[in-house]
There are 2 protein chains.
Amino acid sequence: MGKGEETRQAILDEAFSLASCIGVSGLSIGVLAERTHMSKSGLFAHFGSKEELQLAVLRESQQRFAEAVLRPALREPRGLARLRAIVVNWLNWTRAVNLPGGCVINAAAAEFDDQPGALREEVKKSLLALRRTLADAVAKAVETGELRRDTDIDQFAFELAGIYQVTQQGRRLFNDPDADRRALVAFDRLVRDNAAIHE
Amino acid sequence: MGKGEETRQAILDEAFSLASCIGVSGLSIGVLAERTHMSKSGLFAHFGSKEELQLAVLRESQQRFAEAVLRPALREPRGLARLRAIVVNWLNWTRAVNLPGGCVINAAAAEFDDQPGALREEVKKSLLALRRTLADAVAKAVETGELRRDTDIDQFAFELAGIYQVTQQGRRLFNDPDADRRALVAFDRLVRDNAAIHE
DNA sequence: CACTGTATAGAACGATCGTTCGTTAATGTC
DNA sequence: GACATTAACGAACGATCGTTCTATACAGTG
């Protein structure tokens, strides 16, 4: 890795955790330069525009998500076990990765859902991909016979996303110590209602 | 209503719908002055600080929410019917009120959950009050015997909030035409799982 | 009509924003 | 060691930010 790539990554590291706290749209070149002990222009040269920097942060987030949430879950056998692993990792990934202020993309979704442009499209792409990943994991649990054949997998993924969002809100805004437990209760109810009948 | 109060309300109207699109933290005195055909200083005098303006927008939002969502639901008989009315009104209130860019407070929750201060506290207070309102409506449905006595009413409200959030995301970010339907499916499942047994 | 307080305007402040430019320092190649 | 390339800097740009101050217009009251 050349020197340029190295500092670029260092900038992204800082931008990533900074954006976690103040949002992707709250990022500023000046503040970021100060935090990385660089000049504004020196930092700027690595990206060419602020929007490109913001996009880089969003892509960085996707990558870390895949490594922290999805990849470890592959160790579990496909089906309900893997689905559960994804959900558990997902709920906790903001702690595992350096995300003091919560998921960057999730926050960005609320920031940019009104403002057309490249950032909105990147967020949309990323979250749609996540929905698809969730739906695939649910579909596998149908194939293994753990969930019923008539399970609405998109509905399942939809509700999972809802559980995630409200859990984050509970943790971050309300400091609710029960948020994690409630999330699992909701997940279990979701699974139970779609579980194949065994007796 | 004096002249001052009148223009203050006009400013708030504009700020309200503007904040809906660009967020409460994205509000700027200059842009707002331009939109209301006022000078920056003239507008500024009505609030004394930007933060006070933002707080006023949040309070305005609470008030409109109560009028658009909660009050009409009081026409329904207490219990499940009223709860359902609240949920339906809630899911649609951004259309009824002038909220082209979605619920202001919900967006603000994501913006400020990391940054301590008066704004965060106002958001927190507002959303906690909503949770309590939801929980009360659920409790009434327990009293009427429509829901089981062992219903976890806070868990119920928790999951309702999740349904709301993911529905907004589906509508606003994904332009998902199924979001409303999925929300009601999720709600019905929530009710069914807590319904009292009738046979 | 004069008087009083409120409501708005205009100009300016220092700060920060994203961006551009020209130059220097560091790195890699022959 | 000379050269080419890349990386980083420092200064400045015009724009906008929230805020302050002073002055002018307006409203209501006697």
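Lettering follows sequence order; numbering is per chain, from 1.
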Please list every donor-acceptor pair under 3.5 Å in which a side-chain atom of residues 27-44 of chain B meets a protein atom from a residue at least two apart or in another chain.
residue : atom : partner : partner atom : Å
S28(B)  : OG   : V31(B)  : N            : 3.1
R35(B)  : NH1  : E14(B)  : OE2          : 3.4
T36(B)  : OG1  : L32(B)  : O            : 2.8
T36(B)  : OG1  : A33(B)  : O            : 3.3
S39(B)  : OG   : G42(B)  : N            : 3.0

Pair up each side-chain donor or acceptor in residues 63-73 of chain B with any protein partner under 3.5 Å, not counting sequence neighbours, and list the distances.
residue : atom : partner : partner atom : Å
R64(B)  : NE   : E60(B)  : OE2          : 2.8
R64(B)  : NH2  : D13(B)  : OD1          : 2.6
R64(B)  : NH2  : E60(B)  : OE2          : 2.9

Donor-acceptor contacts under 3.5 Å from residues 104-111 of chain B side chains, at least two apart:
residue : atom : partner : partner atom : Å
E111(B) : OE1  : S25(B)  : N            : 3.0
E111(B) : OE1  : S25(B)  : OG           : 2.4
E111(B) : OE2  : V24(B)  : N            : 3.4

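Rounded to whole angstrom, the span from the CD atom of E6(B) across to the P atom of dA7(C) amounts to 12 Å. Taking atom CD of residue Q9(A) and atom P of nucleotide dA7(D), one finds them 15 Å apart after rounding to whole Å. Protein atom CG of L43(A) is 12 Å distant from nucleotide atom C1' of dC9(D), rounded to whole Å. M38(B) has its CE atom 17 Å from the P atom of dA25(D), to the nearest Å. Remark: C1' of dT20(D) and CZ of F47(B) are 18 Å apart, rounded to the nearest angstrom. Atom P of nucleotide dA7(C) and atom CD of E5(B) are separated by 9 Å, given to the nearest angstrom.
Contact check on E76(A) versus R84(A) returns no salt bridge, with no Lys/Arg side-chain nitrogen under 4.0 Å from an Asp/Glu carboxylate oxygen.
Residue-level contact check: A45(A) touches neither bases nor backbone, having no heavy atom under 4.0 Å from any strand.
Taking T133(A) as the reference, nothing meets the side chain to side chain donor-acceptor pair (under 3.5 Å) condition, with sequence neighbours excluded. Annotation: side chain to side chain donor-acceptor pair (under 3.5 Å) contacts of R120(A) (sequence neighbours excluded): none. Residues meeting the side chain to side chain donor-acceptor pair (under 3.5 Å) test with N175(A), sequence neighbours left out: none. Applying the side chain to side chain donor-acceptor pair (under 3.5 Å) test to D113(A) and every residue at least two apart in sequence or in another chain returns R172(B).
Where DNA chain D pairs in unbroken runs of 3 or more (Watson-Crick or G-U, both distances under 3.5 Å), the stems are C:1-26 with D:5-30, C:28-30 with D:1-3.
Regarding contacts with the backbone of dT8(C), a side-chain N or O of H46(B) is found under 4.0 angstrom from either OP1 or OP2.
Checked by atom type, the side-chain pair E146(A)/T144(A) shows a donor-acceptor distance below 3.5 Å.
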(request) If a protein heavy atom is under 4.0 Å from the base, mark B; if only from the sugar-phosphate, S; if neither, -; do that for nucleotides 16-30 of chain C going 5' to 3'. (result) -SBBBB---------

